[in-house]
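Report on the following structure.
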Amino acid sequence: PQEWHRRFAHLGYDNLAKLVKDNMVKGINLSAEDFLEANKEVCEPCTLAKQTRLPFQASDTKVEQPLALVHSDVCGPMKVASLGGKKYIATFLDDYSGLSAIRLLKHKSEVTSAMKEVFTMLENQSGYKVKALRTDNGGEYVNSAMSVYLKSNGIIHQKTMAYTPEQNGKAERLNRTLVEKVRAMLADAGLSKHLWAEALLTANKIRNRMLEAVGVKFGVVVMCCYYTVCCAVGVSYAEYLHIGAAQKLWLCTMASACGV
């Protein structure tokens with residue numbers, strides 16, 4: 001069976017058994033049962049070539065109060081600098097309420113100072129203390145200045161495994177949500193990509209006020225009377241073509257319009 005497995009470009013033994021059982025091939029002097037039995041053995045080349053990571057299970061971990069766990073991540077550098085010369089985004093997400101705070105940075109090394117500012121603001125406004133921080137293992141989070149700050153404030157640093165963004169999925173999802181809103185706002189208004197920072201701050205402010213949890217747990221009341229559309233322009237296209245991953249940039253739209 002192993003020889004035929006190799007001759008058929010490492011076709012799975014189940015499929016080889018099906019070929020024999022259904023008389024779809026001639027010249028193989030083995031039975032379907034022989035191939036099914038061989039399926040119990042490990043083919044090392046197949047393991048090296050076909051191995052994949054199992055999907056992550058949804059987390060059932062829940063915190064019991066605001067700021068018990070804060071997720072953080074850094075995006076950038078952006079291809080286009082903001083009007084203020086910023087190229088990085090630091091995001092901070094409260095696991096309990098969903099409240100998010102963002103800071104615009106010129107350099108990744110500014111993350112520690114930005115975090116101190118955000119944590120002080122959140123703690124003073126909520127009356128709670130940050131107990132745990134979850135980030136990746138990037139150098140902007142794993143350094144002496146960050147370590148000293150976290151230890152001096154009794155904050156546990158939860159670091160994800162390398163190349164495993166799923167372990168900090170809420171931070172990754174926040175990034176995607178904000179990026180999609182920025183793309184849509186800039187495309188809708190026909191504005192320059194240099195205004196991404198202004199659009200990002202606006203998108204985050206609106207997102208926070210739309211969260212039911214924020215309204216209940218932090219007492220935010222949404223006043224929508226001042227919400228306006230920013231320089232909207234009409235689009236007369238009815239069909240759109242998805243842009244492949246190799247052609248995408250952070251601020252580029254995900255599709256191009258095809259006139260009909």
Side-chain angles (χ1 to χ4, degrees), residues 1-64 68-76 91 93-96 98 100 132-142 156-181 183-184 213 238-250 252-258:
Q2 292 80 8
E3 181 66 25
W4 286 109
H5 170 67
R6 295 167 64 192
R7 289 187 184 186
F8 277 80
H10 290 267
L11 182 66
Y13 287 108
D14 288 341
N15 288 323
L16 285 169
K18 182 177 177 60
L19 292 177
V20 173
K21 182 179 179 180
D22 294 344
N23 295 316
M24 299 173 65
V25 292
K26 293 182 179 181
I28 298 180
N29 56 350
L30 295 171
S31 67
E33 288 72 21
D34 292 332
F35 287 111
L36 293 176
E37 184 66 23
N39 197 27
K40 299 176 182 179
E41 301 177 9
V42 176
C43 173
E44 185 175 357
C46 282
T47 302
L48 294 174
K50 304 177 183 180
Q51 189 177 71
T52 59
R53 177 183 288 182
L54 293 174
F56 279 72
Q57 300 297 320
S59 174
D60 56 0
T61 303
K62 294 183 180 180
V63 295
E64 301 298 329
L69 174 61
V70 176
H71 304 264
S72 183
D73 195 19
V74 175
C75 297
T91 60
L93 176 69
D94 176 41
D95 188 272
Y96 178 76
S100 59
L133 169 70
R134 183 175 299 170
T135 71
D136 58 27
N137 270 291
E140 63 272 19
Y141 292 111
V142 183
I156 299 173
H157 192 183
Q158 302 176 358
K159 298 184 284 289
T160 63
M161 296 292 293
Y163 309 109
T164 315
E166 295 89 347
Q167 292 183 337
N168 200 18
K170 288 190 176 182
E172 300 293 337
R173 178 65 225 191
L174 173 63
N175 294 343
R176 177 179 173 180
T177 297
L178 294 176
V179 167
E180 290 175 344
K181 290 180 181 295
R183 285 178 181 147
E239 295 184 359
Y240 298 86
L241 178 66
H242 181 72
I243 298 175
Q247 298 173 286
K248 293 175 188 172
L249 296 176
W250 190 84
C252 290
T253 53
M254 306 294 286
S256 59
C258 304

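Small disclaimer: the values here were computed from a predicted structure and weren't measured. Hydrogens, waters and symmetry mates are skipped; everything else that's a heavy atom, side chains included, is used.
Remark: the backbone N or O of Lys159 is not paired with any side-chain donor or acceptor of Thr135 at under 3.5 angstrom. Proximity of a side-chain donor or acceptor of Asp22 to a complementary backbone N or O of Leu19 within less than 3.5 Å is not detected.
Between Asn175 and Asp73, the side chains place a donor N or O and an acceptor N or O closer than 3.5 Å (distance only, hydrogens not considered).
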side-chain hydrogen bond (donor to acceptor under 3.5 Å, both in side chains) between Gln158 and Gln167: does it pass, once the steps are laid out?
-> CA-CA 10 Å; Gln158 302 176 358; Gln167 292 183 337; over 6 Å; no
Take Leu133 and Ser72 through the test side chain to side chain contact (heavy atoms under 4.5 Å, CB included) and record every step on the way to the result.
-> CA-CA 7 Å; Leu133 169 70; Ser72 183; 3.9 Å; yes
Glu180 and Arg176: CA distance, side-chain angles, deciding distance, salt bridge (charged side-chain N to carboxylate O under 4.0 Å, His left out) verdict = CA-CA 6 Å; Glu180 290 175 344; Arg176 177 179 173 180; 2.9 Å; yes
Stepwise side chain to side chain contact (heavy atoms under 4.5 Å, CB included) check, Phe8 with Ile28 | CA-CA 12 Å; Phe8 277 80; Ile28 298 180; 4.1 Å; yes
Going through the distances and angles, do Asn15 and Phe35 end up as a side chain to side chain contact (heavy atoms under 4.5 Å, CB included)?
-> CA-CA 9 Å; Asn15 288 323; Phe35 287 111; over 6 Å; no
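Heavy-atom minimum distance, Val142 versus Asp136: CG2-O, 4.4 Å. Considering all non-hydrogen atoms of both residues, Val63 and Ala68 come closest at CB-CB, 3.8 Å. Taking all atoms of both residues into account, the shortest heavy-atom contact from Ser100 to Leu174 is CB-CD2, 3.8 Å. The minimum heavy-atom distance between Pro1 and Tyr13, with the atom names listed, is O-CE2, 3.7 Å. Smallest separation of non-hydrogen atoms from Thr164 and Thr160: O-CB, 4.0 Å.
Distance check: His10 NE2 to Thr47 OG1 gives 10.5 Å after rounding to the nearest 0.5 Å.
Evaluated for a side-chain contact (heavy atoms from CB on, under 4.5 Å) with Leu48, the options Glu44, Lys50, Gln51 yield exactly one hit, Glu44. When the options Lys21, Arg7, His5 are evaluated for a side-chain contact (heavy atoms from CB on, under 4.5 Å) with Leu16, the one that passes is His5.
When the shell of 6.0 Å around CD1 of Ile156 is examined, it contains 12 or fewer heavy atoms from other residues, nucleotides or ligands. Heavy-atom neighbours of Arg6 CZ from other residues, nucleotides or ligands within 6.0 Å: at or below the threshold of 12.
A 4.5 Å side-chain heavy-atom check between Glu41 and Asn39 finds every atom pair outside the cut-off. Residues Leu69 and Tyr96 have side chains not in contact (no heavy-atom distance under 4.5 Å, counting atoms from C-beta outward). When side chains are defined from C-beta on, Leu11 does not count as touching Trp4, because their heavy atoms never get closer than 4.5 Å.
With salt bridges taken as basic N to acidic carboxylate O contacts below 4.0 Å, one links Asp95 and Lys170.
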